[in-house]
Structure formats: C-alpha cells, structure tokens
Amino acid sequence: MPKPVQKEEIVSLLEEIGTLMRLAGENDFRAIAFDRAARTIESLDDDINKYIDDHTLTDLKGIGKSIANDVYEYAETGSVPVLEKLRDQVPDALIAWLGISGMGPKKIYKIHKALDITELSELKEKCRDGSVASLAGMGEKTAEKILKSIAWMEEFSARCHIDEATAVAELFLEKMKNADGVKEISVAGSLRRALETIGDIDLLIAADGKDAASLMERFTGLDGVMEVLGQGETKSSVRTDEGRQVDLRIVSPAHYPAALMYFTGSKEHNVAMRSLARGKNMQLNEYGLFHQTDDKKADFDRPLPTQSENYIYRHLGLGFIPPELREDYGEFDLAADGKVPELVELSDMRGILHVHSTWSDGKKSIREMAEACIERGYEYLGLTDHSQSAAYAGGLSIERVKQQWEEIDALNREYADKGIDFTIIKGIESDILADGRLDYPDDLLAEFDLVIGSVHSGLDHPPEKMLNRLMEAAAHPQVHVVGHPTGRLLLRRDGNKADLNRLIEHASKHKTAIEINANPRRLDLDWRYGRKARECGLMSAVCPDAHDIKGLDHMRYGIGIARKSGFTAGHILNAKTLADLKKWLGK
DNA sequence: GCCGTTTTCGGCCCGACTGTTTTCAGTCG
Ligand SMILES: Nc1nc2c(ncn2[C@H]2C[C@H](O)[C@@H](COP(=O)(O)OP(=O)(O)OP(=O)(O)O)O2)c(=O)[nH]1
Ligand SMILES: [Mg+2]
Ligand SMILES: [Mg+2]
Ligand SMILES: [Zn+2]
C-alpha cells in the first residue's frame with residue numbers, strides 16, 4: 001500500500017512537469033495535458049488516495065494511462081522518472097523567469113542555452129551588457145523590455161485584492177464612459193467573474209470604427225497611467241502608478257456581445273465554448289458566432305445572430321451562464337441540462353451577520369454599526385464580538401457579555417419605540433480552542449441567539465487536528481455558523497489544509513452553516529467548494545466580518561463568491577427574513 | 001498526453017500586438 005499523499009502535492013507535481021515540458025520545447029499539447037490533469041485533481045472533492053489505492057485515476061477526465069502511472073509511481077517511490085529527466089534538461093530556477101511578462105518558454109530556453117545562465121540576476125546582467133540583444137531574433141528593445149518587466153515583477157505583486165481592482169476599474173470606467181463615441185462600456189475579465197484575486201483589469205468598449213483611435217489615445221493618456229505596454233487598433237494595455245495593468249479592448253457595437261463573452265473569459269471557459277462550437281460546425285471568436293467555411297474556419301460572411309451573450313449560449317444548446325460561473329468548473333453540465341441555479345443577489349440580502357464593535361476590536365460602537373446597517377436597508381444585525389480567549393482582540397469576559405446584552409436590549413427597545421423595523425441579534429464569534437472546545441460554558445453559549453465558531457489560534461496545527469477542531473465546533477449544539485474555515489489571508493498567508501469536503505459533510509449533517517467571509521482579504525469559504533456544498537445541502541451566510549462601517553460594503557465581494565459557489569438565496573442565512581432566521585437559529 | 005454517437009488517429013481555441021524579420025515567431029489576451 002503506497003503512503004498517503006496530499007492532493008496539493010500531486011497538483012504541483014503535474015504542474016511542474018507541464019511547465020518544464022514547455023520550457024524544454026516539448027509539444028505544447030503534451031504540456032497542456034499535464035495542466036488539465038492538475039486541474040482535474042485540484043477539483044476533486046473526494047480523497048485522491050482512494051483513486052491511487054484502487055488504481056482508478058484513469059476514470060477522471062483528462063487522466064489517461066500515462067499520467068495515472070506517473071502518479072502511482074510518485075505515491076510508491078516519491079519520484080517520477082519523467083520529472084527527473086526534465087529536471088536534468090531544464091533547471092528549476094528558470095520557472096521563475098516565466099513571471100517576467102513578455103518572456104515565454106521559447107525565449108527563456110534560448111537565452112538560458114545560449115548564455116548558460118539560470119539566475120534572474122544573471123539575466124539582468126546579460127540584458128545590460130548587450131549579450132541578450134546580440135542573440136538571433138532579439139534586439140535592443142527585447143533586452144530593455146526584459147529589464148523593465150523584471151523591475152515591475154520585483155516591485156509589484158502580480159495579483160491584487162478584488163477591492164483594490166474594483167477601485168481601479170471604477171476610476172477608469174468613470175474617465176472613459178462619457179468620452180465621445182462610447183456606446184457601451186463594461187468591466188470584463190476576472191473582475192466581472194468576481195474571482196477572489198485579480199491579475200489585471202479588463203475593460204471593453206463598444207464604439208464605431210471612426211472613434212476607436214481617439215478613444216485609445218484617451219485611454220493611454222489618462223492621468224495615473226505610468227506606462228503604455230502596448231497600443232494597437234483594437235486593444236491597448238497600460239500600467240498604472242500603483243503597478244496595476246489595465247487592458248482595454250474596443251469593438252464595434254455589433255460585435256460587443258461576443259466580445260464581452262470573450263473578454264470575460266475565463267480562458268478555460270472560452271476554450272470549452274469554442275470547442276463546443278466546432279463540434280456543432282460553428283466557429284466562435286470575439287467577433288461573433290459563425291458558420292464554417294469548407295476548411296473549418298469562421299465564415300465571417302455567415303454570422304449567427306448574437307444580440308446578447310445569451311444568444312451565443314442558446315445557439316450552442318446551453319442555458320445562460322452567469323459570468324461568475326464561467327470557470328470551466330462544472331458550469332457546462334448545469335447549462336446543458338438547463339440546471340443553472342438562480343444565483344443569490346446583493347438585493348436578496350435582508351440582514352448583516354458577523355460584525356465587531358468597540359466592545360472588542362471594532363472601530364465603531366454598536367449604535368454606529370447598527371445605524372449604518374439601517375441606512376443600507378438591512379433588517380437586522382447579528383453582532384458578534386470576539387470571545388474571552390481572544391485577548392489580543394479585546395475578547396469579552398462573561399461579565400462584559402452580560403453588559404453588552406443590556407446595551408443591545410436598550411437599543412432594540414429604542415428602535416421599537418421609534419417604529420424602526422430593525423433588530424440587533426445577540427451573537428458572538430467564539431474562538432474554537434486548541435482542543436476543539438468553545439470559549440464559554442455551554443449554558444452561556446445557549447443564551448446567545450447567534451454563535452459563530454472561528455479558529456484564531458493554533459493556526460499551525462496539522463490538517464487532521466485542524467479538521468477535528470472544526471468538526472467538533474460544527475457539531476456543537478450551540479454553534480450556528482463556522483467562520484472563515486481556512487483562515488487564509490489572500491496573497492499573504494495560506495489557509496489551513498484541513499479537508500473541507502469532510503467539514504462540509506459534517507456541518508451539513510449537523511445543520512450548521514459555513515460562512516463565506518466577505519472580507520476581500522479572506523473570501524473564505526472558497527467558491528470551489530460550492531458544488532460539494534450544494535450536493536450536501538449546506539447552508540452558508542455571507543458575512544462582512546466588519547470592524548468599521550466601510551467593512552459593511554464588502555458584502556458585494558462575498559455575494560460574488562456566493563454566486564461563484566452556485567448558491568441561490570435559499571442557501572444563504574442572511575437572505576432570510578428576521579423571523580425565518582430566528583426559526584433557523586432556534587432549531 | 002488525452003480523447004471519441006460523425007473518429008482509436010489526428011485533432012487539441014483563436015485573434016491582436018510586438019519586434020525582428022523580409023514573411024513570421026513568440027507572447028499575450
Ligand atoms: N479564447 C481565449 N481567450 C482568452 C485567452 N486568454 C485570455 N482570454 C480572455 C479570457 C480572459 O478572461 C480575458 C482577459 O484575460 P486576462 O489575462 O486578463 O485573464 P483574467 O482577467 O481572466 O484573469 P486575471 O485575473 O487577469 O489573471 O481574455 C486565451 O488564451 N484564449
Ligand atoms: Mg484580467
Ligand atoms: Mg487582461
Ligand atoms: Zn474571525
């Protein structure tokens with residue numbers, strides 16, 4: 001029996017093979033096969049070791065005999081011959097060079113071979129001293145561009161949080177939308193899909209051909225544009241002062257729907273759509289959906305009607321797929337059967353859960369937070385300050401809890417007297433202690449109307465132990481919601497590696513919800529667990545985890561993740577009316 | 001390397017921009 005492996009190990013193993021293959025100049029389709037296999041393993045929601053023990057990996061899509069045997073071999077021996085051979089051929093250090101924009105596998109391998117260098121520092125040196133420019137197919141500009149790209153890479157991170165990207169996008173939208181000739185304008189790319197982190201910001205404009213050039217000029221000349229990375233007739237890219245890349249694509253109004261679909265992606269969704277089209281003797285690109293010519297190219301003289309994205313899905317026998325679902329992560333199965341869920345919307349939300357006040361580490365009083373909720377049209381606020389062990393965050397002693405309840409009671413009476421239809425719910429975000437117990441005696445916990453159990457300490461516990469803590473909390477009769485289950489901080493700190501598929505099964509069984517923490521630094525539970533969660537009938541809650549008033553406006557990002565998860569309003573606790581929520585909490 | 005109610009071999013998404021080239025490869029979206 002081979003020793004158990006972690007899913008993540010296999011994923012990075014396959015990714016490394018694929019990447020090194022490309023660098024080694026292998027057939028790209030072979031490399032793509034390894035990438036695809038990695039994606040399949042990554043999306044597995046049961047134990048990979050079962051497939052390894054039973055030798056059934058080839059049941060999975062994109063995994064054939066060859067890759068399956070590589071994985072079995074790895075599980076047995078800890079190494080794979082094909083990878084060892086590739087490592088001999090291509091130094092691992094070259095993988096870092098792929099982060100330099102404008103540098104792909106061909107250039108990297110060529111420079112590495114011709115100049116016998118592998119380190120980034122050496123590459124910089126050889127760009128400066130003219131060695132790179134003297135290579136065939138390269139020149140002065142090549143070397144300059146490499147140096148510039150390395151500088152960008154070292155100064156700015158490749159991806160950013162979604163709130164930062166949203167702010168950049170809104171600024172550019174504002175500055176472009178009233179320009180002469182703009183007929184339509186939209187955010188596209190990962191931001192439109194509400195991905196948890198954003199690489200660059202993609203904008204699409206519909207305009208007549210005569211206006212395109214002046215719009216491009218306007219875009220590349222905007223305040224805050226530090227550098228123009230490229231400028232053509234239909235698309236341009238710039239870098240902002242903050243180091244974010246913004247791409248603009250301009251198409252004529254007739255092409256706008258197809259272009260919006262293309263530019264929204266994801267790449268994997270696009271590839272799947274285009275393959276589907278070919279399978280039906282049609283060709284899909286950013287200009288539309290077309291019948292085929294005899295040599296299976298797009299016949300631009302024979303377009304199908306595409307007045308909206310929806311038309312394109314229809315022609316391909318699919319229901320409309322909302323942008324958030326376009327990740328090639330199961331949406332085609334849903335859309336083919338007409339089973340795309342009616343996704344939850346921000347306007348479905350009736351109340352706010354998981355908010356901190358000055359009683360613990362929040363910046364605003366209960367009254368201030370409550371009034372901000374009222375202004376935003378919410379019916380209730382589930383106040384959840386930190387519990388007593390969270391000394392670092394001003395966690396509440398039992399005595400303070402009781403004092404807080406008095407303040408809440410007084411505020412609720414005041415709202416009732418004034419005829420304001422708003423209720424503050426007595427809640428707590430209780431630490432899940434190292435042994436899985438909660439942070440107050442059960443009889444006190446029972447007096448709260450809302451208990452969120454979250455891990456804030458012992459973050460380095462091994463996966464199995466962490467899972468046990470989370471499962472124990474989920475099974476605790478007084479716990480309603482498990483908070484930010486992995487504890488990840490996007491772009492900063494990986495979350496714990498507990499098997500969340502098992503937590504989801506367990507929580508569903510005990511009728512405990514798992515939150516989607518809407519803070520753009522967390523967005524945890526991750527949307528990739530949505531399918532599993534829906535299968536298990538898990539409830540969730542979209543929680544701002546707000547420590548100040550601005551934090552309440554993070555709800556939109558949490559809703560994005562809830563939609564990516566495939567959740568309807570029926571899956572979300574705080575889409576319930578207060579009466580229904582109370583019924584659920586009191587179960 | 002993977003896959004198949006049009007196939008077990010021959011496809012695998014498709015177009016824009018750049019730089020170095022003299023007709024296109026490489027990279028990116
Ligand atoms: N058909 C096709 N479309 C692509 C390809 N690469 C990118 N696109 C489309 C889909 C992408 O969502 C869109 C924008 O590209 P980006 O590189 O900005 O990717 P995206 O925004 O999805 O992710 P990001 O957060 O920017 O890394 O362009 C491709 O290889 N083929
Ligand atoms: Mg993008
Ligand atoms: Mg882009
Ligand atoms: Zn917390």
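Excluded from the calculations below are hydrogen atoms, water molecules and symmetry mates; all remaining heavy atoms, backbone and side chain alike, are included. Letters go in sequence order (proteins before strands), and every chain restarts at 1.
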(message) Quick test of your reading of the model: are A/Lys564 and A/Glu327 salt-bridged, counting only N-O distances below 4.0 Å?
(response) yes

(message) Give me the distance, rounded to whole Å, that separates B/dT20 from B/dG26 when you measure between the C1' atoms they each carry.
(response) 11 Å

(request) For A/Met273 and B/dG15, give me the distance from atom CE to atom P, rounded to whole Å. (result) 16 Å

(request) Report yes if a side-chain nitrogen or oxygen of A/Arg249 is closer than 4.0 Å to either non-bridging phosphate oxygen (OP1 or OP2) of B/dG15; otherwise report no. (result) no

(request) For the pair A/Asp202 and A/Arg249, find out whether any cationic side-chain nitrogen is under 4.0 Å from an anionic carboxylate oxygen. (result) no

(request) Determine the Euclidean distance between corresponding C1' atoms of B/dA16 and B/dG10; express it in Å to zero decimal places. (result) 28 Å

(message) Give me the distance, rounded to whole Å, that separates B/dT22 from B/dC13 when you measure between the P atoms they each carry.
(response) 32 Å

(request) Answer with base, sugar-phosphate or nothing: what part of the nucleic acid does A/Met138 contact at a heavy-atom distance below 4.0 Å? (result) sugar-phosphate

(request) Would you tell me if any nitrogen or oxygen in the side chain of A/Ser101 comes within less than 4.0 Å of OP1 or OP2 on B/dT27? (result) no

(request) Side chain of A/Phe263 only, please: which of B/dA16, B/dC13, B/dG29 is the nearest? (result) B/dG29

(message) Distance check needed: B/dG15 P versus A/Asn270 CG, whole Å only.
(response) 13 Å

(request) Measure from the side chain of A/Lys235, starting at C-beta and using heavy atoms only, and say which of B/dC13, B/dG19, B/dG29 lies closest. (result) B/dG29

(request) Select one nucleotide: of B/dG29, B/dG19, B/dA16, the one nearest the side-chain heavy atoms of A/Gln245. (result) B/dG29

(message) Over all strands shown, is A/Glu268 touching base, sugar-phosphate only, or nothing at heavy-atom distances under 4.0 angstrom?
(response) nothing

(message) Under a 3.5 Å cutoff, is there a donor and acceptor pairing between the side chains of A/Glu242 and A/Thr240?
(response) yes

(message) Between A/Lys50 and A/Asp54, does any NZ, NE, NH1 or NH2 come within less than 4.0 Å of an OD or OE carboxylate oxygen?
(response) yes

(request) On the 0 to 90° scale, with breaks at 30° and 60°, tag the A/Tyr72-A/His55 ring pair as parallel, tilted or perpendicular. (result) parallel

(message) Side chain of A/Arg274 only, heavy atoms from C-beta on: which candidate in B/dG15, B/dC14, B/dG29 is closest?
(response) B/dC14

(request) For B/dC17 versus B/dT21, give the span between their P atoms, rounded off to a whole number of Å. (result) 22 Å

(request) Could you work out the separation of B/dC3 and B/dT7 based on their C1' atoms and round it to a whole Å? (result) 10 Å

(message) Once you apply a heavy-atom cut-off of 4.0 Å, does A/Asn285 come out as touching a base, just sugar-phosphate, or nothing?
(response) sugar-phosphate

(message) I need the NZ-C1' distance between A/Lys145 and B/dG19, as an integer number of Å.
(response) 8 Å

(request) Find the distance A/Met261:CE to B/dG29:C1' and express it as a whole number of Å. (result) 16 Å

(request) Return the nearest nucleotide to the side chain of A/Thr142; candidates are B/dC2, B/dC13, B/dG19. (result) B/dG19

(message) Is it the case that atom CG in A/Asp223 sees more than 12 heavy atoms from other parts of the structure closer than 6.0 Å?
(response) no

(message) If the cut-off is 4.0 Å, is A/Arg36 near the phosphate of B/dC3, judged by side-chain N/O to OP1 or OP2?
(response) no

(request) May I ask you to evaluate whether A/Ser66 reaches the phosphate of B/dG1, defined as a side-chain N or O under 4.0 Å from OP1 or OP2? (result) yes

(request) Answer with base, sugar-phosphate or nothing: what part of the nucleic acid does A/Ile17 contact at a heavy-atom distance below 4.0 Å? (result) nothing

(message) Would you say A/Gln283 places a side-chain N or O within less than 4.0 Å of OP1 or OP2 belonging to B/dC14?
(response) yes

(message) Using whole Å, what does the distance between atom P of nucleotide B/dG19 and atom CE of A/Met103 come to?
(response) 15 Å

(request) Take atom C1' in B/dT8 and the same atom in B/dG15, then report the distance between them in whole Å. (result) 32 Å

(request) Using whole Å, report how far CD1 of A/Ile32 lies from P of B/dC14. (result) 13 Å

(request) Ignoring hydrogens and angles, answer whether the base of B/dG15 and the side-chain atoms of A/Tyr262 contain a donor-acceptor pair closer than 3.5 Å. (result) no

(request) With DNA chain B as reference, determine whether A/Val271 or A/Lys296 sits nearer its 5' end, using the nearest nucleotide of each. (result) A/Lys296

(message) Between the side chains of A/Asp28 and A/Arg22, is the shortest nitrogen-to-carboxylate-oxygen separation below 4.0 Å, so that they form an ion pair?
(response) yes

(request) Determine the interatomic distance between C1' on B/dG11 and the same-named atom on B/dT6; round to the nearest Å. (result) 14 Å

(message) Between C1' on B/dT27 and NZ on A/Lys141, what's the gap in Å once rounded to a whole number?
(response) 17 Å

(request) Could you check how far CD of A/Glu233 sits from P of B/dT18, rounded to whole Å? (result) 10 Å

(message) Given B/dT27, B/dG1, B/dG29, identify the nucleotide with an atom nearest to the side chain of A/Asn27.
(response) B/dG1

(message) I want to verify a distance call: between B/dT27, B/dG29, B/dG15, whose nearest atom is closest to the A/Lys107 side chain?
(response) B/dT27

(message) Tell me which nucleotide, if any, is Watson-Crick or G-U wobble paired with B/dT8 when both distances must be under 3.5 Å.
(response) none

(message) If you compare every side-chain N and O of A/Thr234 against the phosphate oxygens of B/dC17 (OP1, OP2), does one of them come in below 4.0 Å?
(response) yes

(request) Would you mind classifying the nucleic acid contact of A/Asp28 as base, sugar-phosphate or nothing, using non-hydrogen atoms under 4.0 angstrom? (result) nothing

(message) Between the side chains of A/Arg326 and A/Glu309, is the shortest nitrogen-to-carboxylate-oxygen separation below 4.0 Å, so that they form an ion pair?
(response) yes

(request) Let me know, please, whether A/Gly104 or A/Lys267 comes out on the 5' side of the other along DNA chain B by nearest nucleotide. (result) A/Lys267

